[in-house]
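Letters A, B, ... mirror the listed sequences (proteins, then strands); counts begin at 1.
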Protein chains: 2
Amino acid sequence: MGTGNGIVDDVDRALIAELQRDATQAYATLGKAVGLSAGAAHDRVRKLRERGVIRRTTVDVDPTALGRGVLAFVMVDSSAWMGDATESFAAVPEIQEAHIIAGTASVLVKVRTATTDQLQDVLRRLYTIEGVSGTQATVVLETFFERPVRAD
Amino acid sequence: MGTGNGIVDDVDRALIAELQRDATQAYATLGKAVGLSAGAAHDRVRKLRERGVIRRTTVDVDPTALGRGVLAFVMVDSSAWMGDATESFAAVPEIQEAHIIAGTASVLVKVRTATTDQLQDVLRRLYTIEGVSGTQATVVLETFFERPVRAD
DNA sequence: AGAACGGCTGAACGTCATTCGTTGTGATCT
DNA sequence: AGATCACAACGAATGACGTTCAGCCGTTCT
């Protein structure tokens, strides 16, 4: 069940690390980087996709260039069980991540907006979600780095 | 003008949204999705890369499949200015993100490990960073969603 | 108005993704 | 042990796609 299907060996990890770095490179290049032919590299990557280890190929974007220069983490307190509130949080487009957490708050969300005014508006909308009783927003002043999950 | 950035227009945003969804699709397909020829779509995407709006093409991976099933956010308290500590945090491979934040703590990090034991070990290593005086770890019980920055 | 600029189209060309038959290897069965 | 099976990698063939470019059109500037 869930996601434990199949094994991911060292070559798979090396392939994933390469793809995380640059998913546009040719399979011949990719194969050379891990000591495989183009065909074999292609085959392994295809299987990694089929098994859901690689979820998708996507692009990393500069948030500032899209007018999402304000980043904040918000601890959401609740007076009820929030386990089924996925859709409510997903409906707020400025929310980039939402997690149920252990501890006093019950949900932690990562929010990106253009301005702090818009951040305030997101907080207002959070309060309209059933069960939400409070929020504590923490604004990010500077991001050191954001990087992919370590593959090796 | 959408969100206040003149160099990224609505077609660019549509292209980015499509690429975030699936960066493997052909430029002909991509162009059709936004009402452009393959050549024109290619040209715009190339320029978005050159300008740094698109930082890179990468793959999204299932953390559990890589043995990084434990996710935690750690508030790091400090007794000194942490503005130049990028490298110290980057040196800890389990740290996926590190941000300087406003408020009582001074750094917020996102950590992925295989086990809670390993999480504890990361906390121990955080204390060895110059200026770090305390940590508050919050373990994620369930992730609702993690998605790309909204492009439109 | 004329010129210059920027962006789009459609086609041509070269590269690469994708498929497939073959081979080698390590495990399982008799 | 020998035979069989399952799996993975190789290397070549082919068809698709990325990439480039000349020509065209709408806009802006003088």
Side-chain angles (χ1 to χ4, degrees), chain A residues 1-62 64-67 148-152, chain B residues 1-62 64-67 148 151-152:
Chain A
M1 41 175 274
T3 42
N5 280 349
I7 57 165
V8 179
D9 66 15
D10 291 341
V11 177
D12 288 334
R13 288 174 187 273
L15 283 170
I16 291 169
E18 274 299 314
L19 287 174
Q20 285 176 329
R21 199 175 57 74
D22 178 13
T24 68
Q25 62 190 306
Y27 280 106
T29 313
L30 194 57
K32 199 170 296 177
V34 304
L36 241 49
S37 72
H42 184 271
D43 211 53
R44 291 184 84 120
V45 172
R46 182 182 52 75
K47 284 173 187 165
L48 286 169
R49 284 189 219 273
E50 276 175 8
R51 284 152 54 193
V53 177
I54 294 177
R55 288 176 167 155
R56 65 173 162 182
T57 303
T58 185
V59 289
D60 266 10
V61 175
D62 177 8
T64 307
L66 292 184
V149 182
R150 192 136 202 272
D152 55 355
Chain B
M1 79 167 162
T3 335
N5 199 326
I7 59 174
V8 179
D9 65 15
D10 291 340
V11 177
D12 287 333
R13 288 175 186 272
L15 284 170
I16 291 169
E18 275 299 314
L19 287 173
Q20 284 176 327
R21 197 174 58 74
D22 177 13
T24 68
Q25 62 190 305
Y27 281 106
T29 312
L30 195 57
K32 200 170 297 179
V34 303
L36 240 48
S37 71
H42 183 271
D43 212 52
R44 292 184 84 119
V45 172
R46 183 181 52 75
K47 284 173 186 165
L48 286 169
R49 283 190 219 273
E50 277 176 5
R51 281 187 258 152
V53 177
I54 295 177
R55 288 175 167 155
R56 63 173 163 184
T57 303
T58 186
V59 289
D60 265 10
V61 176
D62 178 8
T64 307
L66 291 184
D152 56 355

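- Scanning both residues, B:Arg13 and A:Leu66, for their nearest heavy atoms gives NH1-O, 3.4 Å.
- Heavy atoms only, all atoms of each residue included: A:Arg49 and A:Thr57 are closest at NH1-OG1, 2.7 Å.
- A:Ala65 and B:Val8 get closest at one heavy-atom pair: O-CG2, 3.8 Å.
- B:Asp43 contributes atom CG, which lies 10.5 Å from atom OH of B:Tyr27 (distance to the nearest 0.5 angstrom).
- Distance A:Asp12 CG to D:dC7 P: 15 Å, rounded to the nearest Å.
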- request: Mark up nucleotides 17-24 of chain D, 5' to 3', with B wherever a protein heavy atom is under 4.0 angstrom from a base atom, S wherever such an atom reaches only the sugar-phosphate, and - elsewhere.
  value: -SSB----

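- Using a 4.0 Å cutoff to heavy atoms of chain B, the contacted part of DNA chain C runs 5' to 3' from C:dG7 to C:dT9.
- Partner of B:Arg55 under the salt bridge (charged side-chain N to carboxylate O under 4.0 Å, His left out) criterion, out of A:Asp60, A:Asp22, A:Asp62: A:Asp62 alone.
- Between A:Glu18 and A:Leu30, the shortest heavy-atom distance links the atoms CB-CD1, 3.5 Å.
- A pairwise comparison of heavy atoms in B:Ala17 and B:Ala151 identifies N-CB, 4.0 Å as the closest pair.
- Between A:Arg56 and A:Ile54 there is no side-chain heavy-atom pair separated by less than 4.5 Å.
- Rounded to 10 degrees, the angle separating the terminal helix axes of the helix from C:dA1-D:dT30 to C:dT30-D:dA1, each built from five base pairs, is 30°.
- Around atom CG of A:Asp9, more than 12 heavy atoms belonging to other residues, nucleotides or ligands sit under 6.0 Å away.
- Pairing each heavy atom of A:Asp12 with each of A:Arg44, the nearest pair is OD1-NE, 3.0 Å.
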